[in-house]
Structure formats: C-alpha cells, structure tokens
Amino acid sequence: MAAKNFYDAVLIGLNLPSLLAGALLSKRGFRVLVIGHAQPWPSYEARGIRFPVAPFALPAPESPVLARIFSELALRPTLQRRTRPLSPAFQAVLPGRRLDMTNEPSRLTRELEREFPEARHALEELLRSAAQGEPAVQALLERDLMWPPEGWLERRDFTRALAELPLGAEGERRPIWPELDPSQPLGRVLAACVDHELDASPRVLHNIRGVLASAELEEGGLAGLYELLIETIRHHNGVLRLNERVDRLNVKRGALSAVHSFPSDEEIGFHYLLWAL
C-alpha cells in the first residue's frame, strides 16, 4: 500500500524527547507528525482534581541547552513563572549515609563534611576545581554541536571543543576534579550523581552546580509541560495523533520508508523517524 501522507519527520511516543523534537522541528518549518503510540498521559483526574501519575522535576533548569530550546520556542518566560527551584535537588542514600544534594556550595560542603569528615581536603579541592571549570563547560554547552557526534565533521568539531575544556580531549586524563576511588562511598556518590543526570557524557559534563540543580513545575507538572509543547506543535501546523499507535514498519531497499498506523489503517511516509520509546 502506498503512503497516503508524507512528512519530513514522524515522531513516535508521548514523552519529552518526541514533543520537544516535534516542537523544534515544526517551529523551524518542517512538516511533523507525532504519534502517541498509546502511551498514558502523565496525569489523571478524580472528582474534578488533576493528580500527577508520578513526581516530576526538571533537572538543570538553567543549563544553556534548555535555555536555548525554550527560548527558541518562546516558552522560557512561561516556564520561569511556573517553576520554583528545588533544594535539595535530590537525596543520595547509601548504607549508613544520607546526603541532601544541592547546588548551594556552603550547604553542600556541610553535608559532605558531616558524612565524610576524613575527606575534607579532597572535597575542598573538588569544589574549587569544579568552580574553575564551570565557565568552560557552560561555553561548550552553548555551542551548536551534535551530541553524541556521528559523522566525521561532527566528530572533528566535537573533539576540538573538548580540547578547550580543563578535562581535555577524549583519552587524556586531566580531570576537572581530583581522582576519587569509585569503590569508596564518596566516590560512589559523586559518580552516581553525574552518571544519573548526564548519562550521555559523564566524563565531560562535570559541572557540579548544573548536576545538582533541579526545579519543580508548580502548574500542571509534567502534564503542564506536555500541554505547552503540544500547543506549540499545533501552532506551527504540526500534526498530533496521540491516541494512535504504530503496528508495522515498512522497509524498502534496506531502509525504513513508512509506518502503518492503527486504528486509522494508514501508511505514512517520512524522511526521518524518531522512535522515542
């Protein structure tokens, strides 16, 4: 069956990756279709009151990446009104140890010294090194780079950008903070924080204050953010089929060429497919 409709990009899934990508692409003039794939809405109603399905916090709300995205979508003022900082951003729990993780330097220092008094000098050096390296990391995140790089040109630009960091290029060992034994409790806490928040490039993005910052959306939570992005997609003539799902992928000459949607029983062609599940 030939495709009835054709889009520049088809995005599968009802979540932040698909909605953010759909909002950006439609804003830039691409013909976009978002298919919800029967994923549940992140809130529900009971007796006229809406409740979130799960807690939601926006990590690193002031990071250059998010600032660029929400500024381009003209959503930054709205989100600034709707969010409030969370302090602590989260809590790290180990056997016999519990720390409130926050981007307030004095409070974080007190927490770490309370649980790890024997590592006071290492902690002071860690925080000092992180503060010195933060401007370079912020400058890197403000650049228009592909994360992670794929083609030769992208890898070249990425490597050149990394070389400007205190960490150095890939393969070099010039860490922003001192080496800490990952088998020890303090090393496990710090490594887990970075890996959890910045899984794509944990060796590069050792930005302490960015990792330990978080914000709560006071109006609507995650569902409220979904509604803002959906409104943006529709405003820029994007198409949303949130109650449909894809039940077949069509391959032609070794490449994906179309998806089959259910229950509309329609073949949909595209240049690019984002499977955000």
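Computed from heavy atoms alone, side chains included, the values below leave out hydrogens, waters and symmetry copies.
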Using side-chain heavy atoms (C-beta onward) and a distance below 4.5 Å, is [X] in contact with [Y]?
X: Arg245; Y: Ser261; value: no
X: Val34; Y: Val10; value: no
X: Arg241; Y: Ile268; value: yes
X: Pro88; Y: Glu104; value: no
X: Leu108; Y: Met101; value: yes
X: Val246; Y: Trp275; value: yes
X: Leu145; Y: Asp157; value: yes

Same hydrophobic cluster for [X] and [Y], using side-chain heavy-atom links shorter than 4.5 Å among ILVMFWY?
X: Val259; Y: Val251; answer: yes
X: Ile49; Y: Tyr44; answer: yes
X: Ile233; Y: Trp41; answer: yes
X: Phe270; Y: Leu249; answer: yes

* Under the side-chain contact (heavy atoms from CB on, under 4.5 Å) rule, what do Val239 and Val32 come out as? Steps first, then yes or no, please. => CA-CA 6 Å; Val239 179; Val32 171; over 6 Å; no

What distance separates [X] [atom1] from [Y] [atom2], expressed to the nearest 0.5 Å?
X: His236; Y: Lys27; atom1: NE2; atom2: NZ; answer: 5.5 Å
X: Tyr7; Y: Ile35; atom1: OH; atom2: CD1; answer: 8.5 Å
X: Leu217; Y: Leu222; atom1: CG; atom2: CG; answer: 8.0 Å
X: Met146; Y: Phe158; atom1: CE; atom2: CZ; answer: 11.0 Å
X: Leu66; Y: Leu75; atom1: CG; atom2: CG; answer: 11.5 Å
X: Leu25; Y: Asp8; atom1: CG; atom2: CG; answer: 8.5 Å

Main chain of [Y], side chain of [X]: is a donor-acceptor contact present, judged purely on distance under 3.5 Å?
X: Glu72; Y: Ile69; result: no
X: Asn15; Y: Ser18; result: yes
X: Ser26; Y: Ala23; result: yes
X: His37; Y: Leu277; result: no
X: Glu111; Y: Leu99; result: no

If you count heavy atoms of other groups shown closer than 6.0 angstrom to [atom1] of [X], is the number above 12?
X: Asn243; atom1: CG; value: no
X: Glu150; atom1: CD; value: no
X: Phe56; atom1: CZ; value: yes
X: Gln91; atom1: CD; value: yes

Which atom of [X] lies closest to which atom of [Y], heavy atoms considered:
X: Leu274; Y: Ala21; result: CD2-CB, 3.8 Å
X: Leu86; Y: Ala57; result: CD1-CB, 3.7 Å
X: Arg50; Y: Ser43; result: CD-OG, 3.2 Å
X: Ser264; Y: Glu244; result: OG-OE1, 3.0 Å
X: Tyr226; Y: Leu16; result: OH-N, 3.8 Å
X: Ser87; Y: Thr102; result: OG-OG1, 3.1 Å

side-chain contact (heavy atoms from CB on, under 4.5 Å) between Asn250 and Leu256: does it pass, once the steps are laid out?
CA-CA 6 Å; Asn250 292 353; Leu256 286 171; over 6 Å; no

Output, in order, the C-alpha distance, side-chain angles, deciding distance and verdict of salt bridge (Lys or Arg N to Asp or Glu O under 4.0 Å) for Glu227 and Arg234. CA-CA 11 Å; Glu227 290 167 355; Arg234 286 178 173 151; over 6 Å; no

*asked:* Just by distance, no angles: are the side chains of Thr83 and Glu216 close enough, under 3.5 Å, to form a donor-acceptor pair?
replied: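 Their side chains do not contain a donor-acceptor pair, so the 3.5 Å distance test is not met.
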
* Asked: Can Phe70 and Gln80 be said to form a side-chain contact (heavy atoms from CB on, under 4.5 Å), step by step?
  -> CA-CA 10 Å; Phe70 291 130; Gln80 286 176 335; over 6 Å; no

Salt-bridge contact [X]-[Y] (side-chain N to carboxylate O under 4.0 Å):
X: Arg248; Y: Glu267; value: yes
X: Arg110; Y: Glu113; value: no
X: Arg84; Y: Glu218; value: yes

Please check if the distance between the ring centroids of Phe6 and His271 is under 6.0 Å.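 Between Phe6 and His271, the centre distance is under 6.0 Å.
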
Legend entry - Derivation of the side-chain contact (heavy atoms from CB on, under 4.5 Å) call for Leu73 and Leu228: CA-CA 10 Å; Leu73 297 176; Leu228 287 174; over 6 Å; no

